[in-house]
Structures are given as C-alpha cells and as structure tokens.
**Q** 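The structure's right below; bear with me while I get my questions together.
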Protein chains: 2
Amino acid sequence: MQAKVSGDVKASGQTGVSGNASARILEAARAIATREGVGKITIQAVAREARLSKGGVLYNFPTKQALLCGLMDQMLSEHRKIMTRLPEQHPVRTLRGHLETVLQSQDTCDDLSMAILAAAASDPRLLDPLRADLTGDLERILTDTRDAEAAMIVVLAIQGLRFQRLLDLPDGGADVKKRVIARLRTMIDELE
Amino acid sequence: MQAKVSGDVKASGQTGVSGNASARILEAARAIATREGVGKITIQAVAREARLSKGGVLYNFPTKQALLCGLMDQMLSEHRKIMTRLPEQHPVRTLRGHLETVLQSQDTCDDLSMAILAAAASDPRLLDPLRADLTGDLERILTDTRDAEAAMIVVLAIQGLRFQRLLDLPDGGADVKKRVIARLRTMIDELE
DNA sequence: GGATTTAAACCGACCGGACGGTACAGTTGT
DNA sequence: ACAACTGTACCGTCCGGTCGGTTTAAATCC
C-alpha cells in the first residue's frame, strides 16, 4: 500500500524514476526554499506549490524527513550525473567536476544546494550521504595531485562559491566573478 | 515594560551589554543548533538549555525573530571585535581578519556561524546585516590588492572553510588542514 | 466484450501535539 | 515600595501525520 519512495535515510539514488509527481514535489520544495527560506518548507506549502493535496505529497514521501532525504538524493545524483558527463581521462577531473556542478547550478538558478541547507536545518544526519560522497571525492582529489594544499584551497573556494550563491552573499560583481572562475580553471589545470 | 534588546531587524550591534541573561540565551540557541540543527531552535528548547523559563527568554527577546536577529548581531559584533584586534597597518588586514575569525570560531568550537544557517532557514532577510558587512569588507579587500582574483579566491576559500566546519564536512585530515591554513596565510601576505 | 475486481494515485477532513506569543501573578534586589 | 525580572497557565494557530474515501486505469473473469 505504500509507494515508490522508501523514505528511509539510506535510500538509493533514483528519485525521478516516475518522472512526474515526485520530481514536481521536489521542485516545489526547492522553489519554496529559494523564495522564502528552508524553514518554510511545510508539507502543505509544498503541496500547494506542486498543485497537489497534502495527501498527494505524503503519498509520494511518507514523512517530511523522506522528502528532505529525497531532496538530498536528487542533488547528489544530479551531481554525479554532471561528473560522469565530463571527459573521463582528465587528470583532476573530480575537481573540475565539482566546479562545473557549482557553475551549472548557478547558471540554471535551479538551486539544488538548497537541499544542503534544508537538511542541515532539520536534521544534521541527513547530510551523511553528502559527507560520504565528499569524502570519496576529496580522497581522489588529494591523491590525484602532488600539491594537495592548492587542490584543497580550490575545493574550499568552490564550496565558498556554492554557499555565496546560495545565501546571496556579495560576490564582487559579475566581471570579478568571471575572472575568478577562469582563474580557478587554470589552477585546476596546473594541478597536473 | 519591554527590555533591553530591541528585536527590530535593524538593531544595533551591542548584544552582550547586560552580560548575563541575553548572552546565555544566545549561547543556548547556538548549542541547540550545533547539537540538533537550526530547525530545533524553539523558545522552549532555548529556555530549557539556558535554565530559564519561556517567559524569561521572551522578556529578553520579545519575538523569535528578535532572538535570531540577536544571534546574527552577536556574530557580526564578534567578527568586528576580532578584526579590530589585528595590527592596524597590515596591508590586507581585512582579509586576514576574515581568516582569523574563522580559525578562532573553529578553535573554540563556539560556532557563531550557526547564526547564518539559523537566519537563512527562518527568513533570508535576516542575512541583510551580514550582506552589508560583507559588501564593505569585500570592497576594501578588492581595492587593497592588485590581484583581485587571487584575493577573491582566498575569500571564497575562507567561506568554504567556515561552512565545511559548520556542516562537519570532510576536510582531508588535520595535517592537510594545517598546511592549507598556512598556505592561505602566505597567499594573503603575497597579495601586497 | 461488458461487468467486476484490483491496485495505484490522490484527496481532504481530522487529530494530537508543539509552537509563538500573551497575561498575569509571583519573586528578588535595592 | 518599586522596578526589574522570572515563572506559568493559557490561547490560537499551524504542522506532521493518519485515515477513510474517491478517481482512474489496467487486469481479470465469464
């Protein structure tokens, strides 16, 4: 009698399988979070935004935690999808993938990073899948290069870029930003 | 009949004036946020944590928004205090100040940055004072140096460091982190 | 091939509880 | 005594979650 999304914290990656309702619900949640703050994500509000009833939302995500978990899943799978789309043999491709992920999310203004805030606000343990992913990526990055400190600084700058965008913090203007991104790219290329 | 903290969004910087109750309340809020997530900051929970009654909390902060605003105020004033404590004539002292602020917050584990998350979760507009401060700092930093891109990357890395610490994301280990911080310091020094 | 069954998808009234906030009666320091 | 402060009972609202019912469409039966 229960539906396609497990709702468990250790759910697997596939969220958009049915293509319609779940995806629309998650999109609605992100829209609300971006517009009014992650604290305003309520089941009723999400239902209204997705043109669904409260029951409809709870059918697809049996609990609110399941919904937030789905949000995190969606973000991580989107992240992985962008990563695998890159040229396979690039030396520090993991690092470049992170940068592209952030840039794409800032181009489309479709802010998946909002999931991080929502998760952190409701239950820090929801960040565990993200931590696991990031640990693996970081390990790969730090062994891919000999200048681990420079690589780490690039990683940190990329994360800073993500949160700066997410919280709408000042970025020094469009031209500076553009040149910073270019510089980050050359820094990545120089890392071997 | 109303008390010492205005609770208005544009409240001034001084939060710890009475030295006891307000500060203890804010500390309690931060403790809860760090332990259970910013979503768990409720007036009752804060009162319990601060060994106070709910009325006592609401006496010091007439609304919850005032409390969150106080949290943000405390963070910003702490930030400014650290900044002014630095050697006045350092060329890029604003940048160095930002780094030291983050490092201090990570040493004392007394995580003022939690205020950012709490504010973003409840009402994005609460971040406005932070945005104002940051805009000024950024302007100063970018005019202090000729290599604006490098300076910006350092700023981003510092912000990344803050959120990495805040969300307990992987940091590559203590030794890497230590070397990264050293490298950031030399990068700042080389900025003129 | 029309009637019946089954199950997925969804609806919306409802419940218990927690939340933010108010009112007011203490209590304490001076 | 008086102001500063604290404790607590309480109110209206909203939230997460349950549950019985409705729709839709495919499967099954005869």
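In what follows, chains are A, B, ... by sequence order, proteins preceding strands, each numbered from 1. Everything numeric in this text was worked out from a predicted model, so none of it was measured.
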**Q** Could you give the CZ-to-C1' distance, from R48(A) to dC15(D), as a whole number of Å?
**A** 12 Å
**Q** Determine the minimum heavy-atom distance between K40(B) and A45(B), stating which atoms define it.
**A**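 Result for this residue pair: O-CB, 3.9 Å.
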**Q** On DNA chain D, compare the nucleotides closest to S53(B) and Q44(A); which residue's is nearer the 5' end?
**A** S53(B)
**Q** Rounded to the nearest Å, what distance is computed from the NZ atom of residue K54(B) to the C1' atom of nucleotide dG7(D)?
**A** 12 Å
**Q** Rounding to a whole Å, what distance do you find between N60(A):CG and dC11(C):P?
**A** 10 Å
**Q** Between P on dC10(C) and CG on N20(A), what's the gap in Å once rounded to a whole number?
**A**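 Rounded to the whole Å, the gap is 8 Å.
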**Q** Within the pair Y59(B) and dT6(D), is there a side-chain N or O less than 4.0 Å away from OP1 or OP2?
**A** no
**Q** Can you measure I25(B) atom CD1 to dT6(D) atom P for me and round it to whole angstrom units?
**A** 8 Å
**Q** Are R131(B) and D128(B) within salt-bridge range, i.e. N to O under 4.0 Å?
**A**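 Yes, R131(B) and D128(B) are salt-bridged.
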**Q** When you measure from the side chain of T143(A) to the backbone N and O of R140(A), does any donor-acceptor pair fall under 3.5 Å?
**A**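 Judged by distance alone, yes, a pair lies under 3.5 Å.
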**Q** Atom NZ of K64(B) and atom C1' of dC14(D): how far apart are they, to the nearest Å?
**A**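 Taking NZ of K64(B) and C1' of dC14(D), I get 13 Å after rounding.
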**Q** Output the rounded distance in Å from NZ (K40(B)) to P (dG16(D)).
**A**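 Whole-Å distance recorded here is 13 Å.
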